[in-house]
Amino acid sequence: MSRMMCPRGTDDLLPEALPALDHVFAAFHRTMDTFGYREIRTPMFEETALFVRSLGDESDVVSKEMFSVQRGDTNVTFRPEGTAPVVRAYLQHNLDKTRAFQKFWYGGPMFRFERPQAGRSRQFYQLGVEALGSHSPLLDSEVVLLAHRAFAAMGLRNYRVHCNSIGDAEDRTTFRLVLRAYFQPLLQQRCDDCQRRFERNVFRMLDCKVPQCQATNKAAPQFLDHLRPASRARFDESLAVLQAFDVPIIVDPGIVRGFDYYTHLVFEVRCPDLGARDAICGGGRYDGLIEQMGGPSLGAVGFAIGVTPTLLALEIQKHPAIAPRENFAAVFVAPIGDSERTAALRLCQQLRDQGIPCDTDYEQKSLKAQFKSADKRGVKVMLVLGPDEVQNGRVQVRALHLGQDHQLALDSELAAHVRQLLATTKTAP
RNA sequence: GUGGCUGUAGCUCAGUUGGUUAGAGCAUCAGAUUGUGGUUCUGAGGGUCGCGGGUUCAAAUCCCGUCAGUCACCCCA
């Protein structure tokens with residue numbers, strides 16, 4: 001079968017699926033407004049060098065997951081994540097010099113060339129925030145609180161925020177030595193991946209999922225115990241704030257994060273209902289990034305929500321806003337025969353002009369068939385036009401959801417009547 | 001990139017140890033004394049059984065390949 005299909009790892013969002021996406025975006029947007037974050041939109045693709053510089057050419061994303069396009073001597077990449085583009089825009093427009101501290105949110109598709117699986121695709125949607133230009137520990141807490149409130153606004157239940165601190169560059173240098181010293185004699189017992197991680201990124205050995213590795217991880221030194229007092233105090237301060245706001249926190253030494261630019265607070269939101277891939281949000285502080293990208297030494301903190309897994313979680317939890325919805329026009333004008341077709345179109349348009357979503361028949365269906373299909377599409381009000389109605393300047397109005405019939409005049413009052421019928425809900429008998 | 005599972009109608013699936021014109025439910029469309037929905041009844045359309053090759057008198061069924069989907073690993077939202 002050689003039918004055309006959308007490329008592997010992509011999905012068509014059909015009309016009935018979009019209300020779910022809208023629900024998540026709208027809840028996020030509302031939350032951002034109340035916290036004073038403003039939306040920013042950057043291009044879908046950037047110069048490849050931007051991501052190489054921010055993520056590091058050692059990272060998996062850069063080394064094997066980028067959607068890149070070479071055109072003449074320019075090489076661009078469809079954005080695999082949202083942080084680097086926002087920081088780039090911030091610096092490009094000299095915001096660091098005019099109003100250094102700014103809070104942004106963004107949302108939209110991201111692209112990574114990887115093997116699709118449950119809750120993960122090659123084009124996926126992220127909603128994220130970036131609070132740029134401040135080192136304040138208060139912001140660390142605010143950002144986590146913000147993620148929590150956003151999920152709450154979406155109606156998600158049963159999730160936990162896993163938090164950890166990985167200190168600053170100095171803490172990490174120290175801890176790297178401590179970890180290497182600990183793992184060196186145990187290296188024989190570790191899996192192949194950990195053998196590689198020992199040199200490349202020791203920290204990742206801490207969240208290895210292989211059972212034999214987890215055994216030696218239990219007694220492994222923890223970041224939190226090797227932070228300098230100032231770093232440790234800052235983490236404790238953040239935790240205290242979050243506990244005061246009843247955020248479901250779990251301190252989890254296994255949270256290490258993949259990208260190089262993270263510092264101090266790192267966190268992940270997980271929803272156990274999802275099974276193997278349970279992370280729905282990841283973020284933290286990344287104090288080195290702005291400077292790394294050619295800007296001044298300013299702090300930054302943010303997170304990104306994976307919309308796809310979030311929708312999956314809401315679906316599993318049977319959230320009503322996620323169910324597929326047929327969003328057809330609520331009013332339908334049904335001409336009985338061909339002679340009423342023009343009048344029907346005119347009436348239909350008249351209601352549309354009044355802001356009432358309205359549709360009519362285009363296929364010369366029988367009246368019965370029009371009723372049947374209208375019922376299936378969730379139409380609430382049917383307006384029937386036959387020869388008699390047209391001649392008398394009247395229309396038959398049937399409220400399908402109420403089971404009521406009315407005869408109404410085709411005058412300026414009609415729209416108001418229809419509007420009223422739409423607003424009426426069926427009362428229990 | 002690695003591994004497991006799965007490909008039969010628009011959807012969910014039957015299809016007996018290989019054996020005639022491949023079935024059901026739902027969905028779609030049309031009817032049930034000719035201007036009215038949801039229930040019910042009747043009927044219709046719709047499939048080169050993912051694709052290619054092989055074994056056989058005979059393949060949806062067995063074998064090989066390939067493509068696609070899916071789940072998991074690596075990594076990550």
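Any value given below was found using the heavy atoms of this structure, including those in side chains, with hydrogens, waters and symmetry copies removed. Values in this document were obtained by computation on a predicted structure and should not be read as measured data. Chain identifiers are assigned alphabetically (A, B, ...) following the order of the sequence lines, protein sequences preceding nucleic acid strands; residue numbering begins at 1 within each chain.
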Distance, rounded to the nearest Å, where Asp388(A) contributes CG and rU36(B) contributes P: 13 Å

Touch class at under 4.0 angstrom, heavy-atom based, for Ser121(A) against every strand present: base

Check: Gln126(A) side chain, Gly108(A) main-chain N or O, donor-acceptor pair, under 3.5 Å: no

Spacing between Asp361(A) atom CG and rC29(B) atom P, to the nearest angstrom: 12 Å

Residues Asp359(A) and Arg352(A) bridged, charged N to O under 4.0 Å: yes

Between rC11(B) (P) and Leu14(A) (CG): distance, integer Å: 12 Å

Touch class at under 4.0 angstrom, heavy-atom based, for Ile280(A) against every strand present: sugar-phosphate

Donor/acceptor link under 3.5 angstrom from Glu389(A) side chain onto base of rG35(B): yes

rC71(B) base / Arg120(A) side chain donor-acceptor hit below 3.5 Å: no

Matching residue for Phe151(A) among Phe303(A), Phe28(A), Tyr159(A) - test: ring pair (Phe, Tyr, Trp, His ring centres under 6.0 Å): Tyr159(A)

Nucleotide nearest Lys376(A) (side chain, heavy atoms from C-beta), chosen from rG35(B), rG38(B), rC29(B): rC29(B)

Atom-to-atom span, CD of Glu340(A) to P of rU36(B) - whole angstrom: 14 Å

Nearest heavy atoms of Met293(A) and Ser54(A), plus distance in Å: SD-CB, 3.8 Å

5' priority, RNA chain B, between Gln404(A) and Arg122(A) [closest heavy atom]: Gln404(A)

Asn164(A) to Ile255(A) - nearest heavy-atom pair and separation: ND2-O, 3.0 Å

Closest-nucleotide ordering on RNA chain B, the 5'-leading residue of Leu274(A) and Ile305(A): Leu274(A)

Spacing between Phe303(A) atom CZ and rA77(B) atom P, to the nearest angstrom: 13 Å

Euclidean distance for C1', rU16(B) against rA59(B) (whole angstrom): 16 Å

Where do N or O atoms of nucleotides 66-70 of chain B meet protein N or O atoms at under 3.5 Å, pair by pair?
residue	atom	partner	partner atom	Å
rG69(B)	OP2	Arg8(A)	NE	2.8
rG69(B)	OP2	Arg8(A)	NH2	3.1

Phosphate contact (rG37(B) OP1 or OP2) by Lys368(A) side-chain N/O below 4.0 Å: yes

Where Ser68(A) and Asn75(A) come nearest, the two heavy atoms and their spacing: CB-OD1, 3.9 Å

Nearest-angstrom distance, P atom, rU55(B) to rU12(B): 35 Å

Stems involving RNA chain B, each a run of at least 3 consecutive Watson-Crick or G-U pairs under 3.5 Å: B:1-7 with B:67-73, B:10-13 with B:23-26, B:28-32 with B:40-44, B:50-54 with B:62-66

Whole angstrom value for the distance that separates P of rC75(B) from CZ of Phe111(A): 25 Å

Listed partners of Asp168(A) passing salt bridge (charged side-chain N to carboxylate O under 4.0 Å, His left out), at least two apart: Arg228(A)

Interatomic spacing from CG in Asp278(A) to SG in Cys271(A) - rounded to 0.5 Å: 8.0 Å

Sugar-phosphate, base or nothing in reach of Asp405(A), heavy atoms under 4.0 Å: nothing

Donor-acceptor pair under 3.5 Å, Gln370(A) side chain vs rU36(B) base: no

P-based separation of rG54(B) from rA44(B) [nearest Å]: 39 Å

Test side chain to side chain contact (heavy atoms under 4.5 Å, CB included) applied to Arg341(A) and Thr360(A), Asp361(A), Ile336(A), the passing residue: Asp361(A)

Short N-O contact, Asp140(A) and Arg234(A), less than 4.0 angstrom: yes

Interatomic distance at P, rU56(B) relative to rG10(B), whole Å: 34 Å

Rounded interatomic separation in angstrom, taking NZ from Lys372(A) and C1' from rC41(B): 11 Å

Nearest-angstrom distance, P atom, rG45(B) to rG23(B): 13 Å

Rounded distance in Å between the P positions of rG15(B) and rU20(B): 15 Å

Touch class at under 4.0 angstrom, heavy-atom based, for Ala374(A) against every strand present: nothing

Cationic N near anionic O, under 4.0 Å, Arg112(A) to Glu114(A): no

Atom P, compared across rG18(B) and rG1(B): separation rounded to whole Å: 37 Å

Leu367(A), nearest nucleotide to its side chain (from rA77(B), rU36(B), rC29(B)): rU36(B)

Touch class at under 4.0 angstrom, heavy-atom based, for Lys380(A) against every strand present: nothing

Sugar-phosphate only, base, or nothing, as touched by Glu268(A) at under 4.0 Å among non-hydrogen atoms: nothing

Span that lies between the C1' atom of rU61(B) and that of rA22(B), in whole angstrom: 12 Å

Presence of salt bridge, Glu81(A) and Arg79(A), under 4.0 angstrom: no

